[in-house]
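Just so it is clear, the structure is predicted and the values come from calculations on it, not from any experiment. Here is how names work: the chains are called A, B, and so on, in the same order as the sequence lines, proteins then strands, and each is numbered from 1. Heavy atoms only: backbone and side chains are in, while hydrogens, waters and symmetry mates are out.
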There are 2 protein chains.
Amino acid sequence: MATPKATVSRLPKKTKPSYHHGDLRRALLDATVQLIEEQGLEAVSVREVARRTGVSPGAPFRHFQNRTALLTAVAEVAQERLVQAVGESLGDAEKANPLQKFRAIGIGFLRWAFTNPTHFQVISGRASIEFDRPTLRDSNDGLRATMNQLLSAAATEGLLRPGDVSRYVLGGRALVYGLARMHIDGQFPSWGVDSADSLNESIAVLDQFIASISA
Amino acid sequence: MATPKATVSRLPKKTKPSYHHGDLRRALLDATVQLIEEQGLEAVSVREVARRTGVSPGAPFRHFQNRTALLTAVAEVAQERLVQAVGESLGDAEKANPLQKFRAIGIGFLRWAFTNPTHFQVISGRASIEFDRPTLRDSNDGLRATMNQLLSAAATEGLLRPGDVSRYVLGGRALVYGLARMHIDGQFPSWGVDSADSLNESIAVLDQFIASISA
DNA sequence: ACCTGAACACCGTTCAAGT
DNA sequence: ACCTGAACACCGTTCAAGT
């Protein structure tokens, strides 16, 4: 017996493009993201995803209960990455004051949403998604708690304009969420902002918001 | 000849539920709105709309080029009503100062969006809509122009905190848009706000925003 | 002038049968 | 254990034929 390992296993475990074994799930997820990128969320059909992955129309249903579950799985991946991006942005502001950290969260959110419009779209399009998944809920709760703590700390340190802290939090969140949605919905041009500048402009808007809630 | 008029025309022009003559268009629009209300935007199928209106599957295509055109028509009606609602809210603040008028626009937007979630959803879901229609574009441009004028006037009168006026405008718009989207996307519960209170809470957030951009 | 009803090429989902 | 391929009940859209 020749040792097949030597010839075959250049890569850790899986070598060939044969999903006909184990990684169909990931392949389907990838194909879905790509399809959304090319044709938009509405254009996602399980059949087309199957076709692009080279499997039969029924195959995806072995991995996802239905179309919604497929999209929800994409949303979970997206949310993970969003949380990570926001976390990194927050990490970069480690020595900053609480208000600047709060800002860093917003910046991280905006940057990620503008850089990954497809993923953001899937997250924010509750319609095609089962949002009541623990993964999605929990990470959201964590973020909100952090924002609340930061602004409370800012208030204690006298950095924050007087006012209801949780309303500043909600306002900040609605602001960046609104900006990100306006972007993926293509509304910036009708608001006098060139699409190419929309991220920078959004950051400027956020900064002016932060400035206006500063003490 | 007996005069048929006397027996038939109790109502102005059209008496019977026969779309089989003139008002199919409106009937289809109504059925679409109702369907969205019951099942959500995604559930809208031309066939189901036709079924509910009592016509054959092909009939709607005599009035709307395709599914998107049908949804776009709903969006146009919705946008009209939104503009009207905002206009009325602005009218109620006739003798107020520019900043309060700016606030009135936001309040009008929020009230309308929260009271008519279906229509707001159709407007904001660019995906299923042809937004590049003059009707939609123009009314949007008008609103933006008004907001800009109001804040510029507020600045002149010394009512506004120093800063870039058009960024306050964009921020205000993103804020109310974000709040409204969070509402229709059912995000308020995960942000610690009871659904029933979401309009009042949103107004409070807007008010705190207005306060923070005041001189 | 407007609507019907059959037709075509899709789609989501299921399930027996294959490997 | 996982995938295929046929099947079913849908859908958007078109178009000849009816009134």
Side-chain angles (χ1 to χ4, degrees), chain A residues 13-36 38-75 122 125-130, chain B residues 4 8 13-36 38-75 122 125-130:
Chain A
K13 287 256 169 178
K14 305 131 194 177
T15 315
K16 4 166 196 175
S18 60
Y19 318 113
H20 318 278
H21 69 309
D23 233 4
L24 218 205
R25 194 192 144 88
R26 176 155 304 272
L28 291 167
L29 251 22
D30 292 347
T32 304
V33 170
Q34 215 192 323
L35 183 52
I36 300 173
E38 289 172 25
Q39 322 239 26
L41 233 194
E42 335 263 278
V44 173
S45 83
V46 178
R47 287 184 107 106
E48 176 64 17
V49 168
R51 222 173 280 130
R52 285 168 175 236
T53 315
V55 294
S56 72
F61 293 91
R62 188 88 14 198
H63 298 268
F64 303 99
Q65 221 173 84
N66 49 36
R67 199 190 102 118
T68 299
L70 172 62
L71 258 5
T72 302
V74 175
V122 176
R126 290 299 199 287
S128 16
I129 278 175
E130 201 62 64
Chain B
V8 174
K13 286 255 171 181
K14 306 130 193 175
T15 314
K16 2 166 198 174
S18 60
Y19 318 111
H20 319 278
H21 70 310
D23 233 4
L24 218 205
R25 194 191 145 89
R26 175 154 305 270
L28 292 167
L29 252 21
D30 292 347
T32 303
V33 170
Q34 213 193 325
L35 181 52
I36 300 173
E38 289 172 24
Q39 323 238 25
L41 232 194
E42 336 262 277
V44 172
S45 83
V46 177
R47 286 183 107 106
E48 176 62 17
V49 168
R51 222 173 280 130
R52 284 167 176 239
T53 316
V55 294
S56 74
F61 293 91
R62 188 87 16 197
H63 298 269
F64 303 99
Q65 223 173 84
N66 49 36
R67 199 191 102 119
T68 299
L70 172 63
L71 258 5
T72 302
V74 175
V122 176
R126 288 301 197 284
S128 15
I129 279 174
E130 200 63 64

**Prompt:** Who are the side chain to side chain donor-acceptor pair (under 3.5 Å) partners of B:Arg51, not counting sequence neighbours?
**Reply:**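 B:Arg51 satisfies side chain to side chain donor-acceptor pair (under 3.5 Å) with B:Glu48 once adjacent residues are dropped.
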
**Message:** Under 4.0 Å, heavy atoms only, any strand: does A:Arg51 hit a base, just the sugar-phosphate, or nothing?
**Reply:**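 Counting heavy atoms under 4.0 Å across all strands, the contact made by A:Arg51 is with sugar-phosphate only.
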
**Message:** Tell me whether the side-chain N/O atoms of A:His63 come closer than 4.0 Å to OP1 or OP2 in D:dC2.
**Reply:**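 The answer is no; no side-chain N or O of A:His63 sits under 4.0 Å from OP1 or OP2.
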
**Request:** Kindly write out the residues that satisfy side-chain contact (heavy atoms from CB on, under 4.5 Å) with A:Val44, not counting sequence neighbours, or none if the list is empty.
**Result:**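 A:Val44: side-chain contact (heavy atoms from CB on, under 4.5 Å) contacts with A:Thr32, A:Leu35, A:Ile36, A:Val49, A:Arg67, A:Leu71.
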
**Prompt:** Who pairs with A:Phe64 by side-chain contact (heavy atoms from CB on, under 4.5 Å), at least two apart in sequence or on another chain?
**Reply:**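 A:Arg25, A:Leu28, A:Leu29, A:Ala69, A:Leu70, A:Ala73.
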
**Message:** Base contacts versus sugar-phosphate-only contacts with protein, heavy atoms under 4.0 Å: please encode nucleotides 12-19 of chain D as B, S and - from 5' to 3'.
**Reply:** BBB-----

[N] [atom2] sits how many Å from [X] [atom1], rounded?
X: B:Glu42; N: C:dC11; atom1: CD; atom2: C1'; result: 15 Å
X: B:Asp23; N: C:dA1; atom1: CG; atom2: C1'; result: 15 Å
X: A:Arg25; N: D:dA1; atom1: CZ; atom2: P; result: 19 Å

Please give me the minimum heavy-atom distance between [X] and [Y], naming the atom from each residue.
X: B:Pro57; Y: B:Ala50; value: CA-CB, 4.2 Å
X: A:Arg52; Y: A:Gln34; value: NH1-C, 4.4 Å
X: B:Leu24; Y: B:Ala59; value: CD1-CB, 4.2 Å

**Request:** Pull out every stem in DNA chain C, meaning runs of 3 or more consecutive Watson-Crick or G-U wobble pairs with both distances under 3.5 Å.
**Result:**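 Consecutive-pair runs (3 or more) involving DNA chain C: C:4-8 with D:12-16, C:12-16 with D:4-8.
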
